[in-house]
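In listed order, ligands and their atoms are each counted from 1.
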Amino acid sequence: MAKLTWIGHSAFMLEGKNRILFDPFISGNPVAKIKASEVKTDMICVSHGHGDHVGDCVDIAKRNKAPVASIFELASRFDSSGAKVEQMNIGGSVRILDTDITMVNALHSSDVFEGETMQTGGSPAGFVVDSGVTVYHAGDTGYFGDMKWIGEFYRPKVAMLPIGDRFTMGIREAAYAASVIQPEVVIPMHYSTFPAIEQNPELFEEQVRKAGSGKIRVKIMKVGETIDI
Ligand code: NI
Ligand code: MN
């Protein structure tokens, strides 16, 4: 058993054997209901270098003395900001405390402007995290064929998939992705934070049903809600 809380956008807190914070975009997140300074965590997973995913990562990492798991290039930047890091790359796993973190592919971009200069964020990534329950956080991504492999090989019980469209999969693609990954529960994320990614998650639920994935439960979380998984 574990608990999962949606902080908003792609930010989640997973409380299993340890506390794992994903993509902690909290300050400046128009939907988040908590303050970054309140967050307590044992580790942080950051999927890629965009501001709506890195968010308050360095501050939270330093205050909690929590390592940040992210791809080599991005981790090196967090490291130079004084955060403790676990450098990783696609396909690799690390164990932090009692939690196994595997970095998987994502189809997106990860470079960011800092002032006038473009900084590399390495490749974008997703995470499969086992902290008692196995969870797949897809990060920002388009659909890619290896989602089938991620589903078959890691057998995540819960998948968090972006449905916001424009920058990531939209509802059609995410519903197809769910049918391919076959988690027990799929949770939509990365939507309705900003007008550009406004979506009705109930349409996602309908599409997952239509994709013939009757066994998959769609859980539409409310921001701030905690569920047992
Ligand atoms: Ni992004
Ligand atoms: Mn994003």
Side-chain angles (χ1 to χ4, degrees), residues 4-14 20-34 36 39 44-61 68-78 81 88-90 101 103-115 117-129 135-144 146-147 150 159-175 177-178 186-201 204 220-221 223:
L4 187 69
T5 303
W6 192 29
I7 296 169
H9 202 54
S10 298
F12 286 85
M13 171 62 81
L14 172 65
I20 303 103
L21 176 65
F22 292 94
D23 285 356
F25 170 47
I26 301 171
S27 305
N29 179 338
V31 300
K33 292 181 162 59
I34 58 165
V39 178
I44 306 173
C45 294
V46 177
S47 64
H48 64 292
H50 293 157
D52 60 320
H53 297 263
V54 171
D56 303 284
C57 164
V58 170
D59 287 347
I60 296 172
V68 186
S70 62
I71 205 154
F72 175 78
E73 291 81 359
L74 193 54
S76 303
R77 286 174 50 200
F78 296 144
S81 307
M88 306 184 67
N89 215 316
I90 309 286
I101 299 174
M103 181 170 277
V104 295
N105 220 354
L107 208 55
H108 193 63
S109 62
S110 190
D111 292 350
V112 277
F113 273 109
E114 277 184 0
T117 54
M118 184 72 96
Q119 297 283 343
T120 181
S123 296
F127 292 100
V128 176
V129 173
V135 165
Y136 169 41
H137 185 292
D140 275 2
T141 188
Y143 176 76
F144 54 93
D146 271 353
M147 283 184 180
I150 291 170
M160 291 94 97
L161 302 180
I163 68 160
D165 221 333
R166 185 180 294 266
F167 301 113
T168 66
M169 295 190 286
I171 284 173
R172 280 185 309 169
E173 294 80 9
V186 63
I187 297 169
M189 66 174 181
H190 205 273
Y191 70 95
S192 300
T193 322
F194 311 105
I197 54 170
E198 199 68 43
Q199 293 295 337
N200 178 358
F204 173 63
I220 300 169
M221 293 186 73
V223 171

Side chain to side chain contact (heavy atoms under 4.5 Å, CB included) between Ser109 and His50, worked out: CA-CA 8 Å; Ser109 62; His50 293 157; 3.3 Å; yes
Audit row: Asp140, His48, side chain to side chain donor-acceptor pair (under 3.5 Å) steps and yes/no: CA-CA 8 Å; Asp140 275 2; His48 64 292; 3.2 Å; yes
Around the Ni ion (ligand 1), number of protein N/O/S atoms which are nearer than 2.8 Å: 4
Can you check whether [X] reaches [Y] side chain to side chain, under 4.5 Å on heavy atoms?
X: Ile26; Y: Ile60; value: yes
X: Phe72; Y: Met88; value: no
X: Phe167; Y: Asp52; value: no
X: Phe78; Y: Val46; value: yes
X: Ser10; Y: Phe25; value: no

Backbone of Thr120 reached by a side-chain donor or acceptor of Arg77 within 3.5 Å: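 Confirmed, Arg77 side chain pairs with Thr120 backbone.
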The Mn ion (ligand 2) - number of protein N/O/S atoms closer than 2.8 Å: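 Number of qualifying protein atoms: 4.
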Close aromatic pair by centroid cut-off 6.0 Å: Phe194 and His9: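 Yes, close enough.
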